[in-house]
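Each chain gets a letter, A, B and so on, in the order the sequences are listed, and its residues count up from 1.
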Protein chains: 2
Amino acid sequence: MPPNLQPVFRALGDPTRRDILRMLGQEPMTIAEVSEHFDMTRAAVKKHLVMLSDGGLIDVKPRGREKVNSLNAAALKPVFDWLSWFDKFWDDRLDALKTAIEKDQSHDTGRHND
Amino acid sequence: MPPNLQPVFRALGDPTRRDILRMLGQEPMTIAEVSEHFDMTRAAVKKHLVMLSDGGLIDVKPRGREKVNSLNAAALKPVFDWLSWFDKFWDDRLDALKTAIEKDQSHDTGRHND
DNA sequence: TTGACATGATACTTTTAGGTATCATATAAA
DNA sequence: TTTATATGATACCTAAAAGTATCATGTCAA
């Protein structure tokens with residue numbers, strides 16, 4: 001039931017793709033715009049974008065003849081959760097904060113303010 | 001001098017290695033013990049352990065003719081920091097908590113580079 | 001000291017990743 | 001409509017990952 005982590009971790013395993021995520025965190029971009037930032041062909045960038053999309057890390061939306069890629073940061077949460085399992089090995093204050101976060105996420109659906 | 005994230009993300013990109021990390025989170029194990037949990041040869045498991053070691057995610061310590069592998073969870077912190085950059089896309093309370101954590105960790109210079 | 005055993009090291013195979021080059025298609029613009 | 005352009009798709013190349021099999025080495029134990 002939990003989303004399959006593998007495509008997400010695999011997508012994060014490449015530095016170009018991590019850079020792309022950061023870039024899209026600044027603003028949505030077309031494939032051509034993303035490609036301008038890298039010393040590789042558009043086709044290569046496109047492959048990276050497909051992998052990012054496979055991991056659910058980006059949303060792709062057509063705009064005329066273009067495709068606009070935007071960050072879907074929510075797909076990173078499962079990774080964050082996976083990492084949180086190891087918090088018990090870190091320091092106590094950090095652990096306390098992370099526990100609070102986890103509890104916070106446990107009633108994640110339809111959240112509203114008290 | 002921020003640690004190079006790539007070996008860490010690469011190590012996390014394989015499901016077998018992620019499983020190994022959790023196993024070692026329970027207790028340190030020899031190579032043979034780790035291998036018992038997987039349907040592959042000891043040599044294959046050994047390769048995974050080398051990659052985990054390359055990422056600094058495990059410590060390997062000789063004990064007689066054995067090698068004991070133990071989790072080094074601290075090596076996951078940079079990943080956590082990298083992910084934290086995206087918190088601004090999550091909800092506000094979570095962002096506040098994570099900001100606190102980052103401030104808590106602000107000893108190490110130069111986060112957010114890769 | 002001999003043998004058993006845990007690990008190291010190497011060579012080999014197969015699959016996947018990352019990349020290029022090229023051509024096809026759909027849309028915008030003239 | 002014609003042409004330019006943004007993207008899609010395919011074939012291909014190279015390198016790295018993931019795995020096996022095999023043999024060497026170091027250490028414990030009888």
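Per the geometry, CG belonging to A/D19 stands 15 Å off C1' belonging to C/dG18, to the nearest Å. Atom NE2 of B/H48 and atom P of D/dA16 are 18 Å apart (whole Å). For A/R17 and C/dG19, the CZ to P distance is 9 Å, given to the nearest whole Å. The CG-C1' distance, from B/D54 to D/dA18, rounds to 15 Å in whole Å. Distance B/E33 CD to C/dA6 P: 10 Å, rounded to the nearest Å. Protein atom NZ of B/K46 is 16 Å distant from nucleotide atom P of D/dA17, rounded to whole Å. Remark: C1' of D/dA18 and CZ of B/R10 are 12 Å apart, rounded to the nearest angstrom. Between B/K61 atom NZ and C/dT7 atom P the separation is 15 Å, expressed in whole Å.
Taking the six-membered ring wherever Trp is involved, the centroid distance between the rings of B/F80 and A/F80 falls below 6.0 Å.
In this structure, A/K67 reaches the sugar-phosphate backbone alone: every heavy-atom distance under 4.0 Å involves primed, P, OP1 or OP2 atoms, never a base. No engagement by A/T16 is indicated, since no non-hydrogen atom pair under 4.0 Å with the nucleic acid exists. Residue contacts shown for B/R63 are absent, as no nucleic acid heavy atom lies under 4.0 Å away. When heavy atoms are screened at a 4.0 angstrom cut-off, A/A32 is found touching the sugar-phosphate backbone but no base atom.
Residues B/W85 and A/L57 are members of one and the same hydrophobic cluster, defined by side-chain heavy-atom contacts under 4.5 angstrom among Ile, Leu, Val, Met, Phe, Trp and Tyr. Tracing side-chain contacts under 4.5 Å through hydrophobic residues (I, L, V, M, F, W, Y), one never reaches A/M51 starting from A/I58; they form parts of separate clusters. Cluster annotation: B/V60 and B/I31 are assigned to the same hydrophobic cluster (Ile/Leu/Val/Met/Phe/Trp/Tyr, side-chain heavy-atom contacts under 4.5 Å, transitive). No chain of hydrophobic side-chain contacts below 4.5 Å, direct or via other Ile, Leu, Val, Met, Phe, Trp or Tyr residues, connects A/L12 to A/V50. When hydrophobic clusters are built by joining Ile, Leu, Val, Met, Phe, Trp and Tyr residues whose side-chain heavy atoms come closer than 4.5 Å, directly or via intermediates, B/L21 is grouped together with A/F89.
Between A/T30 and D/dA6 there is no side-chain N or O to OP1 or OP2 distance below 4.0 Å. Distances shown here put every side-chain N or O of A/T41 at or beyond 4.0 Å from the OP1 or OP2 atom of C/dG19.
Closest to the side chain of B/R65, out of C/dA4, D/dT20, C/dA21, is C/dA4. Among the nucleotides D/dT7, D/dT20, C/dT7, the one closest to the side chain of A/R42 is D/dT7. Nearest to the side chain of A/K47, among C/dT20, C/dG19, D/dA18, sits C/dG19. The listed nucleotides are D/dA6, C/dG19, D/dT20; the one nearest the side chain of A/M40 is C/dG19.
In this structure the side chain of B/V34 reaches within 4.5 angstrom of the side chain of B/L24, judged on heavy atoms. With a 4.5 Å cut-off on side-chain heavy atoms, B/H48 and B/M40 count as touching.
Axis angle across the helix from C/dT1-D/dA30 to C/dA30-D/dT1, with five pairs used at each end and values rounded to 10°: 20°.
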